[in-house]
Asker: 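Dropping a structure here in structure tokens format, bear with me for questions.
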Amino acid sequence: MTDPERGATAGAGPDGIPDAGAGPHRPVAPVPPESGILGRAIGRVGMVFAVGFVVSMAILIMEIVLRYGFNAPTLWAHETTIFICAINFAFGGLYCAAKNRHIRVVLIYDAVGPRTRRALDVAISLVSAVASGFFAYAGWLMVERATMRPDGSFRLEGTGSAWNPPTPALTKVFLFVVLILLCVQFLILAVNYARRRV
Amino acid sequence: MFDLSALGIEGGTIVMFAMLLGFLLTGMPLAFVTLLVALIFALGWFGPMAVPLITSRVYSFVTSFVFVSVPMFVMMAAVLDRSGIARDLFDAMRLVGGRLRGGVAIQTLIVAVILAAMSGIIGGEVVLLGLLALPQMLRLGYDRSLAIGVVCAGGALGTMVPPSIVLIIFGLTANVSIADLFTAAFIPGLLLALLYVAYVLIRSHLEPHKAPIPEPDPTPLAEKLRLLKGLVLPLMVVVFVLGSIYGGIASVTEASAVGVAGVILSTILRGEFSLTLIKGAALQTLETCGMIVWIGIGASALVGVFNLMGGIKFVSGLFLGISASPIAILILMMVILFVLGMFLDWVGITLLTMPIFVPIITELGFDPIWFGVLFCMNMQMSFLSPPFGPAAFYLKSVAPPDISLGDIFKSLLPFIGLQAVMVVLLIVFPWLTGRSGQLVP
């Protein structure tokens with residue numbers, strides 16, 4: 001199930017769907033105006049995270065070379081790539097929300113008139129804000145346990161490996177921040193959809 | 001606070017299903033529908049104590065090492081789309097088609113298999129073939145629906161031919177070895193491609209006007225050799241990626257990174273590499289992974305809560321009670337998956353249904369790896385089946401404007417039929433996957 005409207009014009013779907021046409025300069029779809037300043041900021045920061053995937057790839061290759069070429073596997077390569085990717089996955093959800101690229105069923109959505117569609121847009125954004133706000137609360141419970149000992153003193157949860165980086169705690173804090181931003185982004189979308197003329 | 005557990009598991013399951021359906025039909029993003037329903041049930045059924053369980057499931061979902069291979073394969077496809085590698089590959093394969101009736105269609109299918117063996121992401125492939133092969137077949141006077149069908153069905157082969165992202169996510173959900181899944185899917189994937197080739201040959205033999213033979217086009221030997229160069233880089237990438245997985249040299253995740261490096265290296269060798277290219281590919285990866293992972297986050301939360309409610313046990317009880325014949329239950333599952341595939345995307349289907357289906361399958365004594373291949377073949381159909389088959393939409397975005405979505409779906413029917421034949425073959429002859437189909441005790 002892709003979003004047929006966007007699928008046919010700009011390309012959408014879970015599979016790395018290219019926009020119409022191929023080639024090195026194919027543009028990446030822009031952030032819609034409804035997403036506001038926050039959405040534009042998210043769109044811009046996206047590049048920082050996107051580069052993380054290239055870095056992960058380089059680390060993995062380096063690990064293979066070190067293991068077979070120099071018989072010197074590292075302790076940190078796998079945990080670092082997992083951390084980078086986890087952060088990117090979390091941010092990716094926010095990025096898709098700002099760009100309105102999350103996958104949905106548009107069976108009814110596409111069939112209704114512009115007024116009903118605006119009402120749906122507002123309602124969907126509000127409910128999504130509730131869902132992410134709700135989940136942010138759940139995320140907070142997780143952050144609490146990852147950053148505090150039972151007696152309330154501060155510590156960062158580690159992976160428990162020989163290297164033991166504090167990445168689990170950092171990932172959880174980041175996910176929590178993303179969820180708050182998601183909630184805000186959906187509220188902004190709801191307001192701007194409501195103000196849209198039809 | 002309302003107490004949902006008073007509904008009992010039957011009522012709870014029905015309410016949950018109705019809520020999912022209701023929210024989904026409004027057009028709300030799937031990821032947030034599942035998250036919301038999961039949280040409502042966690043709180044309403046168990047109270048705040050159950051909430052950390054959801055978040056810890058979500059956390060372990062996004063931090064698994066195998067999952068890192070998903071962005072790698074997506075990025076590989078994104079770089080591939082932006083380079084001329086596929087175009088040169090297509091030109092090189094012209095030498096195969098030659099003056100055979102239906103030659104260009106077969107050439108397209110071979111290119112599709114090689115592209116599928118490189119990365120296993122379908123969207124990009126359908127678009128690439130739609131840009132390369134479709135215009136050429138139409139220009140030569142091929143029957144439109146034959147040409148469209150070959151492009152869409154060929155492009156969707158990425159699901160079956162390893163490395164396949166569908167198999168990776170199945171492996172993660174079902175907790176089975178992804179390398180084993182890749183081994184088992186190899187022959188069925190190729191067989192499906194061969195089935196397509198046979199179909200093209202038979203159709204063009206029976207109705208010669210549907211696949212005219214191109215005018216003889218004397219290509220000098222030097223030109224032929226030059227064209228063949230287009231084969232070298234893609235085959236190198238295939239050998240590196242599949243070789244390191246099957247050879248046990250690198251994990252699936254590492255092999256996927258090798259694939260990305262291989263494709264990037266190819267663009268450098270071809271003089272196509274640029275910062276714009278890599279930035280565009282990386283951004284597209286971020287977006288695609290955002291979609292896939294968040295559907296996963298929501299589904300994994302929902303399945304976690306449903307399991308805690310005793311829902312999975314309840315549903316498997318229902319399934320096992322339907323019939324004493326394991327095959328009947330298996331076929332029912334296939335039908336359910338096919339129907340779901342018409343409306344939902346494969347990521348959602350895999351993550352929502354497999355935690356329920358796979359335990360039933362093992363309980364029935366079937367081999368989960370074989371079931372994975374069967375499932376993947378079924379999801380192949382979901383790419384093509386109306387009204388939401390993604391492959392049709394990808395093709396629509398690049399096809400000539402006079403080809404409508406209806407035309408595309410109509411052209412796909414015979415190919416969906418061939419996929420169904422393949423599903424049946426896999427059920428009747430499980431050894432096609434190199435496995436017995438039964439669980440070895």
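Proteins get letters first, then strands, A, B, ... in listed order; numbering begins at 1 in each.
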Asker: Do B:V74 and A:F53 have side chains that get closer than 4.5 Å, going by heavy atoms?
Answerer: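 When only atoms from C-beta onward are counted, A:F53 and B:V74 do not touch, as no gap falls below 4.5 Å.
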
Asker: Is it the backbone or the side chain of B:I297 that comes under 4.5 Å from a heavy atom of chain A, or both, or neither?
Answerer: side chain

Asker: Evaluate the side-chain proximity of A:V127 to B:F32: yes if any heavy-atom separation is below 4.5 Å, no if none is.
Answerer: no

Asker: Is it the backbone or the side chain of B:T267 that comes under 4.5 Å from a heavy atom of chain A, or both, or neither?
Answerer: neither

Asker: Once side chain to side chain donor-acceptor pair (under 3.5 Å) is applied, do any residues pair with B:S56, and if so which ones, sequence neighbours excluded?
Answerer: none

Asker: How close do A:M142 and B:Y59 get, heavy atom to heavy atom, and via which atoms?
Answerer: SD-CB, 4.3 Å

Asker: Please give me the minimum heavy-atom distance between B:L283 and A:G46, naming the atom from each residue.
Answerer: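 Heavy-atom minimum between the residues: CD2-C, 3.9 Å.
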
Asker: With a 3.5 Å distance limit and no angle check, can you tell me whether B:W294 reaches the backbone of A:F89 through a side-chain donor-acceptor pair?
Answerer: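 Confirmed, B:W294 side chain pairs with A:F89 backbone.
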
Asker: Using every non-hydrogen atom in the two residues, find where A:R67 and B:I249 come nearest and quote the distance to one decimal.
Answerer: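 Answer, listing the atom of A:R67 first, then B:I249: NH2-O, 3.6 Å.
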
Asker: Below 4.5 Å from any heavy atom of chain A, which atoms of B:F67 appear? Answer side chain, backbone, both or neither.
Answerer: both

Asker: Is chain A contacted by the side chain of B:V58, its backbone, both, or neither, given a heavy-atom distance below 4.5 Å?
Answerer: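 Contact with chain A is through the side chain of B:V58 alone.
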
Asker: Where does B:M75 contact chain A at under 4.5 Å (heavy atoms): side chain, backbone, both or neither?
Answerer: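 For B:M75, the contact with chain A is made by the side chain alone.
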
Asker: So which part of A:F186 gets closer than 4.5 Å to some heavy atom of chain B, the side chain, the backbone, both or neither?
Answerer: side chain

